[in-house]
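Working notes for the structure below.
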There are 2 protein chains.
Amino acid sequence: MAPDQDRAAGSLYRKVAADLREAITSGGYGDNGRLPAEGALAEQYGVSRGTVRQALAMLRADGLVTSRRGTRRVVLGTARVQSFSELLSFTHWARSMGEEPGGRLESLIRRPADAAEREQLRLEPGTEVYVTLRLRTLSGKPVMVERTVYPPRVGEVVAQLPPDVVSHTEPLREHGILFTDADHTIDVVAANADDARLLGCRRGSPLLREKRRTTDPTGTPVEWSQDRYLPGTVAFSIHNSLASSALSRHAREND
Amino acid sequence: MAPDQDRAAGSLYRKVAADLREAITSGGYGDNGRLPAEGALAEQYGVSRGTVRQALAMLRADGLVTSRRGTRRVVLGTARVQSFSELLSFTHWARSMGEEPGGRLESLIRRPADAAEREQLRLEPGTEVYVTLRLRTLSGKPVMVERTVYPPRVGEVVAQLPPDVVSHTEPLREHGILFTDADHTIDVVAANADDARLLGCRRGSPLLREKRRTTDPTGTPVEWSQDRYLPGTVAFSIHNSLASSALSRHAREND
DNA sequence: TAGTGGTCTAGACCACAGG
DNA sequence: CTGTGGTCTAGACCACTAA
């Protein structure tokens with residue numbers, strides 16, 4: 001078991017959800033099969049129906065099952081949805097694919113925030129921010145350029161990390177800086193001179209861009225980042241429904 | 001009020017959620033402000049705490065509020081998240097931006113499904129599918145090429161629509177074909193000859209691609225589509241958190 | 001310590017699917 | 001009609017935050 005999965009512990013409904021997820025993804029209920037009724041599951045696990053429903057809501061959000069009034073839940077598929085930490089951390093993502101993540105800090109500067117940065121990070125005029133430029137690699141091959149702006153509290157921690165540290169989210173968590181919510185925007189952008197030099201592509205060639213603003217549980221922004229990927233190295237996937245949705249990032253596969 | 005929003009009707013928690021959403025987005029609680037306690041909201045609306053929590057879970061998924069044990073919920077922002085129908089329907093999306101959606105059916109053919117299509121739509125070998133190629137425009141300007149594969153049950157309905165019909169999801173709903181779940185993948189692809197001709201770009205120039213498979217409440221696939229957008233016309237946004245996430249598509253704004 | 005959200009229970013009624 | 005998921009209630013206890 002990956003250490004990530006142990007987070008199922010702590011609450012009952014997470015344990016039930018983890019167990020059901022395991023049963024589903026290992027084919028225990030078949031594809032397009034039906035799950036037992038909520039009442040049956042409640043009895044089977046020795047919990048109330050409400051707890052079972054809370055567990056099933058997680059699977060619903062992940063696109064594993066549908067639900068419709070009147071009939072049993074249907075197994076949609078064995079969709080692989082990434083955990084939140086896999087989504088935010090290049091390092092976790094790479095490792096989950098069996099690739100070796102690498103990176104190089106190109107620059108780290110401290111300067112007053114401009115208007116856009118103040119807006120994104122909710123900072124007072126004159127506040128200084130830390131700005132990093134990193135090249136990210138998979139098994140030695142450049143795939144992404146990452147530009148991140150940190151507010152002072154976070155930047156001070158980042159600035160003291162060794163320049164060759166692979167993961168940033170882990171040390172930050174140890175400093176009590178938590179990532180709980182993120183807004184992402186995905187589009188296409190042309191490579192500028194820096195992008196071209198670092199990624200080894202032509203200037204003006206298209207890159208897949210992900211802009212991301214992350215906040216902690218109090219709603220305070222902790223990071224504003226702009227990642228630019230070489231085409232063909234990444235795709236973003238989302239499952240959504242009338243009720244909920246989820247995003248996942250994965251290596252691109254053939255058409 | 002847009003007709004879409006009337007769907008808040010039907011259940012209590014949706015009404016509560018709609019009311020709170022309105023209060024938040026109109027600034028009633030301020031940015032980074034605090035919501036009243038769950039108990040207070042329950043009393044205010046005359047419902048149980050469980051119902052209030054169900055409503056708040058929706059706002060949480062939309063990125064409007066955070067939550068943390070021990071303190072009141074924090075208003076994250078006034079994020080505009082699109083409804084599921086806006087996300088699936090080009091027509092709804094265009095109108096929500098105040099643009100005039102247009103389109104032209106370039107071709108509609110019926111032929112046996114190939115291996116990939118059978119896989120995506122869960123069809124038996126030899127089953128025939130309907131394949132459409134459409135050019136989509138905003139206020140007359142080409143922005144997207146859409147290739148959709150329908151299984152027979154759905155294709156038969158689509159094939160009988162007038163070629164210049166703007167929205168397909170609406171007539172389908174009237175035929176009892178419901179869209180409840182979708183999986184999306186977003187990446188970059190080079191324009192082929194057809195794309196270049198229809199969109200008026202050079203062959204090989206980059207396009208933002210969204211692949212989408214949609215299913216109905218029983219888990220049966222009803223559509224497999226591949227949309228290719230001109231760069232600069234669209235971006236995709238997602239809010240996600242430790243608990244949940246949502247996707248929205250919107251017009252690109254300046255950097 | 002007091003207030004808050006997170007979790008869990010037990011029971012109720014309804015709307016809808018399908019025989 | 002029966003069985004199912006959808007909704008709602010009333011109450012309980014716990015873990016955590018902030019004063």
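Basis for what follows: all heavy atoms, side chains included, without hydrogens, waters or symmetry-related copies. Letters A, B, ... are given to chains in the order of the sequence lines, protein chains preceding strands, and every chain is numbered from 1.
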Check ion pair [X]-[Y] (N to O, under 4.0 angstrom):
X	Y	result
A:R72	A:E38	no
A:R153	A:D216	yes
A:R212	A:D227	yes
A:R111	A:E117	yes

task: Report the residues that fulfil salt bridge (charged side-chain N to carboxylate O under 4.0 Å, His left out) with A:R69, sequence neighbours left out, ordered by chain and then residue number.
output: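 By the salt bridge (charged side-chain N to carboxylate O under 4.0 Å, His left out) rule, A:R69 matches no residue at all.
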
message: If I compare all heavy atoms of A:V222 with all of A:P151, which pair ends up nearest, and what's the gap?
response: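 Of all heavy-atom pairs spanning A:V222 and A:P151, the closest is O-CD, 3.4 Å.
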
query: What pair of heavy atoms forms the shortest contact from A:S225 to A:E146, and how long is it?
result: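 Answer, listing the atom of A:S225 first, then A:E146: OG-CG, 3.8 Å.
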
- prompt: Taking it one step at a time, do B:Y130 and B:L108 satisfy side-chain contact (heavy atoms from CB on, under 4.5 Å)?
  reply: CA-CA 7 Å; B:Y130 294 73; B:L108 189 163; 4.1 Å; yes

- request: Starting at the 5' end of nucleotides 2-11 of chain C, put B wherever the base has a protein heavy atom under 4.0 Å, S where only the sugar-phosphate does, and a dash everywhere else.
  value: -BBBBBSB--

statement: To the nearest angstrom, the CZ-C1' distance between A:R34 and D:dG3 comes to 13 Å

query: What does the inter-axis angle of the helix from C:dT1-D:dA18 to C:dG18-D:dC1 come out as, five pairs per end, nearest 10 degrees?
result: 20°

